[in-house]
Amino acid sequence: IDGDSDRLRQLRQRLELTQLALDTGAPLSTSEVTLLLGARPGHERAERGGLVARRISRNVWKLSRLDQSLQKRSMQKI
């Protein structure tokens with residue numbers, strides 16, 4: 001039971017930090033994106049769980065929701 005509560009606490013913290021990163025739009029390091037997405041991004045753009053991480057420059061990433069990213073791309077085509 002103790003391990004379950006610890007995992008739930010870690011999940012809640014990860015979700016809160018992900019929301020904070022989305023709300024602020026703050027640039028993130030590769031290790032921060034890895035922590036939030038649960039997987040290391042391997043390309044210029046990584047998608048996971050409805051989130052998109054885009055590389056801005058070396059070791060600098062921007063996190064957004066997948067639906068926001070699609071909206072921005074469709075607006076650029078117009």
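Start at 1 with the first residue, then count along the sequence. Quick note: numbers below take in every heavy atom, side chains included, and nothing from hydrogens, waters or symmetry partners. Values in this document were obtained by computation on a predicted structure and should not be read as measured data.
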| said: Checking Leu20 now: which residues fulfil side chain to side chain contact (heavy atoms under 4.5 Å, CB included) with it, not counting sequence neighbours? | reply: Thr24

| request: Could you tell me the separation between the CD atom of Gln19 and the CZ atom of Arg65, rounded to the nearest 0.5 Å? | output: 4.5 Å

| query | In Å, rounded to the nearest 0.5 Å, how long is the span from CZ of Arg14 to CG of Leu36? | reply | 7.5 Å

| Quick one: CG on Leu63 to CG on Leu22, what's the gap to the nearest 0.5 Å? | 4.5 Å

| query | Looking at residues at least two apart in the chain, or sitting in another chain, which of them share a side chain to side chain contact (heavy atoms under 4.5 Å, CB included) with Gln10? | reply | Asp6

| When rounded to the nearest 0.5 angstrom, what is the spacing between OG in Ser64 and CZ in Arg45? | 7.5 Å

| Listed by chain and number, what are the side-chain hydrogen bond (donor to acceptor under 3.5 Å, both in side chains) partners of Arg55, not counting sequence neighbours? | Glu44

| query | Among all residues two or more places apart in sequence or in another chain, which pass the salt bridge (charged side-chain N to carboxylate O under 4.0 Å, His left out) test with Arg58? | reply | none

| Which residues share a side-chain hydrogen bond (donor to acceptor under 3.5 Å, both in side chains) with Ser31, sequence neighbours left out | Ser29

| Fellow cluster residues of Leu35, listed by chain then number, with links counted only when side-chain atoms sit under 4.5 Å apart | none

| said: For Ala39 versus Arg48, what's the shortest heavy-atom pair and its separation? | reply: CB-NH1, 2.9 Å

| remark: Residue pairs passing the salt bridge (Lys or Arg N to Asp or Glu O under 4.0 Å) test with at least one member in residues 16-43, sequence neighbours excluded, are Arg12-Glu16

| Ile56: hydrophobic cluster co-members (side-chain, 4.5 Å) | Val60

